[in-house]
Amino acid sequence: MRRHTLSTAVTLCFAASLAAAASAPSEARPASPPASQTARQQARVPVLVDCLFHPEVRPTDFILACGDGNSRLAALHWSKWGAGSAKAEGVNIVNDCKPYCAAGRFHSYPVVVRLDRAQPWKKHPHLRHYSRMTLEYPAGRPDTFAPTVTYPLWN
């Protein structure tokens with residue numbers, strides 16, 4: 001029982017730290033460009049839509065398993081972010097769920113992330129979003145994953 005409580009506490013602390021980081025102001029953020037310039041940039045450059053339906057450009061972290069947080073991308077370094085596709089290298093942190101997810105352990109795997117199939121976002125038709133993500137594992141990978149995995153992304 002103590003192990004389950006500890007796993008739950010760690011998961012809750014992780015979720016709280018993500019929420020705090022997402023809402024905290026950053027000294028490193030550049031001043032906002034004029035609204036007209038921002039609108040033009042948003043119309044040209046596709047976004048990546050996160051679990052809370054927020055549009056992101058070049059995020060450093062991205063949750064893949066929105067329901068339980070058992071798979072996420074971290075330390076993303078984007079070498080390309082364009083109208084047709086995007087590419088990053090980073091780490092996929094995945095819970096092995098052994099013997100079950102609450103008692104499982106998280107493992108990190110190097111990953112190459114590719115985004116493509118930009119299309120209008122149903123929630124905000126003036127924005128385009130990437131609608132497909134491909135993960136390539138150049139080294140190790142989770143037991144049940146293929147060397148290349150492709151996911152459709154939500155609208």
Side-chain angles (χ1 to χ4, degrees), residues 8 10-97 101 104 106-142 144-155:
T8 302
V10 169
T11 302
L12 289 174
C13 287
F14 175 72
S17 67
L18 280 178
S23 64
S26 173
E27 298 285 329
R29 289 186 186 148
S32 297
S36 61
Q37 182 180 351
T38 301
R40 284 193 306 271
Q41 287 174 340
Q42 288 177 341
R44 285 194 308 261
V45 179
V47 296
L48 180 60
V49 180
D50 70 12
C51 292
L52 300 175
F53 298 101
H54 296 139
E56 298 186 35
V57 175
R58 296 179 182 261
T60 55
D61 296 300
F62 186 79
I63 296 177
L64 293 170
C66 293
D68 58 15
N70 282 324
S71 179
R72 71 181 180 97
L73 300 172
L76 294 173
H77 298 281
W78 297 92
S79 58
K80 179 182 180 183
W81 192 282
S85 64
K87 180 183 177 185
E89 291 185 12
V91 178
N92 187 192
I93 302 169
V94 182
N95 187 347
D96 62 17
C97 291
C101 292
F106 284 88
H107 304 274
S108 298
Y109 304 93
V111 67
V112 175
V113 180
R114 296 181 194 277
L115 305 173
D116 62 5
R117 293 193 179 168
Q119 60 186 5
W121 182 16
K122 289 179 183 175
K123 186 172 181 176
H124 296 285
H126 65 283
L127 290 177
R128 294 174 52 78
H129 76 103
Y130 293 114
S131 65
R132 183 172 69 174
M133 177 183 288
T134 301
L135 304 179
E136 297 174 13
Y137 297 92
R141 64 183 187 272
T144 59
F145 286 33
T148 302
V149 180
T150 301
Y151 299 104
L153 297 173
W154 40 84
N155 282 322

Checklist entry - Looking at D96 and G104, what are the two nearest heavy atoms and their distance? => result OD1-CA, 3.4 Å
Checklist outcome for this item: Residues R128 and P120: closest non-hydrogen pair is NH1-CD, 3.9 Å
Next on the checklist: Once rounded to the nearest 0.5 Å, what's the spacing between atom CZ of R72 and atom CG of D61?
Outcome noted: 5.5 Å
Checklist entry - At what distance, to the nearest 0.5 angstrom, does NZ of K80 lie from CZ of R58? => result 11.0 Å
Checklist outcome for this item: Minimal heavy-atom distance between L76 and G90, with the atoms involved, is CD2-CA, 4.1 Å
Donor-acceptor list for residues 135-142 side chains, cut-off 3.5 Å, not counting sequence neighbours:
| from | atom 1 | to | atom 2 | distance (Å) |
| --- | --- | --- | --- | --- |
| E136 | OE2 | R114 | NE | 2.9 |
| Y137 | OH | N92 | OD1 | 2.6 |
| R141 | NE | F145 | O | 2.7 |

Item to check | Polar side-chain atom of N95 near backbone of C101 as donor-acceptor pair, under 3.5 Å | outcome: yes
Next on the checklist: Going by the rule side-chain contact (heavy atoms from CB on, under 4.5 Å), which residues pair with T60 if we only count those two or more places apart in sequence or in a different chain?
Outcome noted: none
Next on the checklist: Return the OG to CG distance between S131 and D116, rounded to the nearest 0.5 Å.
Outcome noted: 7.0 Å
Checklist entry - About how many Å separate NE2 of H54 and NZ of K123, when rounded to the nearest 0.5 Å? => result 7.0 Å
Checklist entry - Residues in ring-ring contact (aromatic ring centres under 6.0 Å, His included) with Y130, at least two apart? => result W81
Next on the checklist: Give me the atom names and distance for the closest heavy-atom approach of N70 to A65.
Outcome noted: N-CB, 3.7 Å
Next on the checklist: Test side-chain contact (heavy atoms from CB on, under 4.5 Å) on D50 and I63; report intermediate values, then the result.
Outcome noted: CA-CA 7 Å; D50 70 12; I63 296 177; over 6 Å; no
Item to check | Inter- and intrachain pairs under disulfide (SG to SG under 2.5 Å), touching residues 47-95, at least two apart | outcome: C51-C66
Next on the checklist: Is there a side-chain contact (heavy atoms from CB on, under 4.5 Å) between L127 and V49? Walk through the geometry before answering.
Outcome noted: CA-CA 11 Å; L127 290 177; V49 180; over 6 Å; no
Checklist entry - If you measure from CG on L73 to CG on L64, what distance do you get to the nearest 0.5 Å? => result 4.0 Å
Checklist entry - Do the side chains of L48 and P59 get nearer than 4.5 Å, heavy atoms only? => result yes
Item to check | With sequence neighbours excluded, residues passing ring-ring contact (aromatic ring centres under 6.0 Å, His included) with H124 | outcome: W121, H126
Checklist entry - Between atom CD1 of I93 and atom OH of Y109, what is the distance when rounded to the nearest 0.5 Å? => result 11.0 Å
Item to check | Under the ring-ring contact (aromatic ring centres under 6.0 Å, His included) test, residues paired with F62 that sit two or more places apart | outcome: none
Next on the checklist: As a quick check of understanding, evaluate side-chain contact (heavy atoms from CB on, under 4.5 Å) for H107 and V94, giving each step before the final call.
Outcome noted: CA-CA 5 Å; H107 304 274; V94 182; 5.8 Å; no
